[in-house]
Amino acid sequence: MTRFVLASASPARLEVLRHAGVEPVVRVSGVDEDALTAELGDDPAPDDVVVTLARAKAEAVLEEFDDAVVVGCDSMLSIGGVLYGKPHTVDVARERWALMAGKSGDLLTGHAVVRVSGGRVVAVAAECSSTTIHFAEPSAGDLEAYLATGEPLSVAGAFTLDGLGGWFVDRIEGDPSSVIGIGLPLVRRLLTEVGTSLADIWSSADQ
């Protein structure tokens, strides 16, 4: 049995894993995303940004565990090559939707899986998944009602696929679980790369 650790405060990621048969240990990394992104320079590749953040989140909680696989994730929306994270305020979310409505963007999610054995890191695998989102054009009234719920303020790209924001997504091209926050197909491959099987993960439980 391998302990599975989710280095994220995201309730959506937790729910994806629970529906997929995993009850992870949840640890919040506390990584300063803005500071770390600034360290990457003026024009980092979008994939590099989300993968670097995902790996930093996983590595931030490693010291607590002697034997585990730790998964970190980070998501951002790319529109025209510009990355957008959580808007945090209604005004910023409204501006984001002015850019997104009726257009398409790529939801990038960085994933990092770190295998810890005997209190040391023995394997690391990291990769980015990309899913194209085709956005609808919500009416002014519907958009204001959506913003008032607070849901889009704390999620990458100011929308959700599995919540109220799903009303405003016409279609996607790619992995829906990755859009929600953690891509099951990619995590499965990364687990294999660090020497862990799904059978091990399905057998694990929060301890």
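Worth knowing before you read on, the calculation uses all heavy atoms, side chains too, and leaves out hydrogens, waters and symmetry mates.
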Can you hop from [X] to [Y] via hydrophobic side chains spaced under 4.5 Å?
X: Val113; Y: Leu17; result: yes
X: Val187; Y: Val16; result: yes
X: Val169; Y: Val155; result: no
X: Leu161; Y: Phe135; result: yes
X: Val70; Y: Val51; result: no

Salt bridge (charged side-chain N to carboxylate O under 4.0 Å, His left out) partners of Glu15, counting only residues at least two apart = Arg18

Residues at least two apart in sequence or cross-chain that pass salt bridge (charged side-chain N to carboxylate O under 4.0 Å, His left out) with Glu193, listed by chain then number, are none

Expected output: side-chain Glu127 to main-chain Leu190 donor-acceptor under 3.5 Å | no

Ignoring hydrogens and geometry, is there a side-chain-to-backbone donor-acceptor pair from His111 to Leu186 under 3.5 Å?
-> no

How close do [X] and [Y] get, counting heavy atoms only, and between which atoms?
X: Leu36; Y: Ala56; value: CD2-CB, 3.4 Å
X: Gly174; Y: Thr131; value: CA-CG2, 3.6 Å
X: Leu184; Y: Ala20; value: CD1-CB, 3.8 Å
X: Ser29; Y: Val61; value: CA-CG1, 3.9 Å
X: Val26; Y: Ser8; value: CG1-O, 3.3 Å
X: Trp167; Y: Leu164; value: CD1-O, 3.0 Å

Only counting residues at least two apart or in another chain, list the ones meeting ring pair (Phe, Tyr, Trp, His ring centres under 6.0 Å) with Phe168.
-> Trp97, Tyr146

Do any side-chain atoms of residues 115-122 form donor-acceptor pairs under 3.5 angstrom with protein atoms, and if so which ones, sequence neighbours left out?
residue: Arg115; atom: NH1; partner: Asp67; partner atom: OD1; Å: 2.7
residue: Arg115; atom: NH1; partner: Ala68; partner atom: O; Å: 3.3
residue: Arg115; atom: NH2; partner: Asp67; partner atom: OD1; Å: 3.3

Any pair with a residue in residues 163-174 that passes salt bridge (charged side-chain N to carboxylate O under 4.0 Å, His left out), sequence neighbours left out, goes on the list, sorted by first then second residue, please.
-> none

Is any side-chain heavy atom of Val179 closer than 4.5 Å to a side-chain heavy atom of Phe159?
-> yes

Any side-chain hydrogen bond (donor to acceptor under 3.5 Å, both in side chains) involving residues 98-107? Give me the pairs, sequence neighbours left out, ordered by first then second residue.
-> Ser104-His134, Asp106-Thr132

Please collect all side-chain hydrogen bond (donor to acceptor under 3.5 Å, both in side chains) contacts where either partner lies in residues 46-56, sequence neighbours excluded, each pair once.
-> Arg55-Glu59

Calculate, to the nearest 0.5 Å, the distance between atoms [atom1] and [atom2] belonging to [X] and [Y] respectively.
X: Leu191; Y: Asp200; atom1: CG; atom2: CG; result: 9.0 Å
X: Leu198; Y: Thr192; atom1: CG; atom2: OG1; result: 7.0 Å
X: Leu108; Y: Ser129; atom1: CG; atom2: OG; result: 8.0 Å

Pairwise ring-ring contact (aromatic ring centres under 6.0 Å, His included) hits with a residue in residues 17-48, at least two apart | none

Which residues satisfy the side chain to side chain contact (heavy atoms under 4.5 Å, CB included) test with Pro185, sequence neighbours excluded?
-> Asp175, Ser177, Arg188, Arg189

Residue list, side chain to side chain contact (heavy atoms under 4.5 Å, CB included) with Val90, at least two apart or on another chain = Arg94, Leu147, Leu153

For Glu64, side chain to side chain donor-acceptor pair (under 3.5 Å) partners two or more places apart | Arg27

Donor-acceptor pairs are to be reported for all side-chain atoms of residues 72-88 against protein atoms at under 3.5 Å, with residues two or more places apart or in another chain.
residue: Asp74; atom: OD1; partner: Lys57; partner atom: NZ; Å: 2.8
residue: Ser75; atom: OG; partner: Arg13; partner atom: NH2; Å: 3.4
residue: Ser75; atom: OG; partner: Thr109; partner atom: OG1; Å: 2.9

